[in-house]
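Shown next, in structure tokens, is the structure this report addresses.
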Amino acid sequence: MGFKEDKRYAGHMDQLFKVNRVEMLDGRAEGAKLLDVQNGSGMNFSINISRGMDIPYLSYKGCNISFVSPCGVVAPEYFDDKELGFLKSFTAGFLTTGGLSYIGGPCEYEGKSYGLHGNVANTPADTFHYEIQEEDGNACLIAGGKLQEAVLFGDKLSLTRQIKCCYKEKKFTINDTVTNEGYKKARHMILYHMNIGYPLLTPESKIYIPSSKVIPRTPHSAEGLHCWNQAQEPDPNYEEMCFYHEMTSPMPKAAIYNPELGIGISIAFKRSALDHFVQWKMMGAGDYVIGLEPCNATIDGIEDAIANGSLKYLEPQESVRYRIEVEILEGPEEFEKIQQL
């Protein structure tokens, strides 16, 4: 049955489509505000209103999908933007957004220091709203808002994000608009750091990224090029690896599937806007994660992005739009179907 039919059996919307604003109370998470969403498919995710409107938690029918770092959820006031200070409050979660003016490792450019992956993931939304809209016998959650990454005498960028999911659909979409609100041309870099963890990710999990070429980011990564699409047992001495993937499809769809659980996850994005893709592979004990990361530039510093031509700019008042489609896979047929696209 659909929403219109199911609604006859329910006394309150929470029986069918539960959406609650919550505030964290303990430890360094105290004060962080989240929107917790559970739709009729068994999918459950949270939107961190206090941290870039990112998605720390994602699960399906009780099975955790996202990688949650040892930091857990951390309120934005603990953010350290120097060097690798980002890692002290890096929740990872299912989605951490990098940007808006810088992504990648720490670097210096024109006398200024930039920390890991920029500031947007630690910036609270200035406005945020949500509602469940009923239309044509269905119900859909529309949630989102706007945040500013602006500085006096500097660049003034904004991110407007909308996240949408419908009743009994095991998927959601992220629609972002980044705008240069200032009156000078501004540098713009963005990365969608989407992180898969245990129990979806195990050595038995299958990793699918539809690329025509895989380029190791470092000499160390090159040592693992032969097994970039294989997960290993957790190793306390493992050193992370990253790979650049050259995609060919206009709408690539990458996926990770666990045949023992019969559950997987796929992400799709428009290559016209997100023309780079990074795979983060970390098989460490306690740090066990695969990151699927569409982005609009390389992640080895501003000068490197300029040199290779990947750095993007926005003219005054110019906007660029991004769309990410996230879908739960259930059963081997759905995973196999993606590989045939």
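None of these values were measured; they are calculated from a predicted model.
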Q) Is a side-chain donor-acceptor pair under 3.5 Å present for Asp54 with Thr96? A) no
(Q) Treating Asn20 as the side-chain partner and Asp36 as the backbone partner, does any N or O pair qualify as donor plus acceptor under 3.5 Å? (A) no
**Q.** Ser158 backbone acceptor or donor facing Thr179 side chain under 3.5 Å
**A.** no
(Q) Please tell me whether Cys165 and Cys140 are bridged, where bridged means their SG atoms are separated by under 2.5 Å. (A) no
Q.
If you apply the rule side chain to side chain contact (heavy atoms under 4.5 Å, CB included), what do you find for Arg161 with Ile174, and how did you get there?
A. CA-CA 7 Å; Arg161 171 164 289 175; Ile174 302 166; 3.8 Å; yes
Q.
When you measure from the side chain of Ser249 to the backbone of Met251, do you find a donor-acceptor pair of N or O atoms at a distance under 3.5 Å?
A. yes
Q. Hey, mind stepping through Tyr198 and Tyr288 against ring-ring contact (aromatic ring centres under 6.0 Å, His included) and telling me if it holds?
A. CA-CA 7 Å; Tyr198 182 84; Tyr288 193 78; 7.6 Å; no
Q.
So does Lys168 get a backbone contact from the side chain of Lys170, meaning a donor-acceptor N/O pair under 3.5 Å?
A. no
Q: Establish, yes or no, whether a centroid distance under 6.0 Å links the rings of Phe269 and Tyr192.
A: no
Q) Under 3.5 Å, is there a donor-acceptor pair linking the side chains of Lys164 and Gln133? A) no
Q. Does the side chain of Pro56 reach to within under 4.5 Å of the side chain of Leu34, using non-hydrogen atoms?
A. yes
Q.
Angle between ring planes, Phe90 versus Phe86, binned at 30° and 60°: parallel, tilted or perpendicular?
A. tilted
Q) Do any N or O atoms from the side chain of Thr91 and from the backbone of Gly93 form a donor-acceptor pair under 3.5 angstrom? A) no
Q) Does a donor on one side chain and an acceptor on the other come within less than 3.5 Å for Glu149 and Ser101? A) yes
Q: Check the surroundings of atom CD in Glu83: do more than 12 heavy atoms from other residues, nucleotides or ligands lie under 6.0 Å from it?
A: no
Q) In the single-linkage hydrophobic clustering (I, L, V, M, F, W, Y; side-chain heavy atoms under 4.5 Å), do Met24 and Val74 co-cluster? A) no
Q: Test Phe94 against Phe45 for ring-ring contact (aromatic ring centres under 6.0 Å, His included), laying out the working first.
A: CA-CA 9 Å; Phe94 178 70; Phe45 64 91; 9.1 Å; no
Q. Just by distance, with hydrogens left out, do Ser310 and Asn308 show a side-chain donor and acceptor under 3.5 Å apart?
A. yes
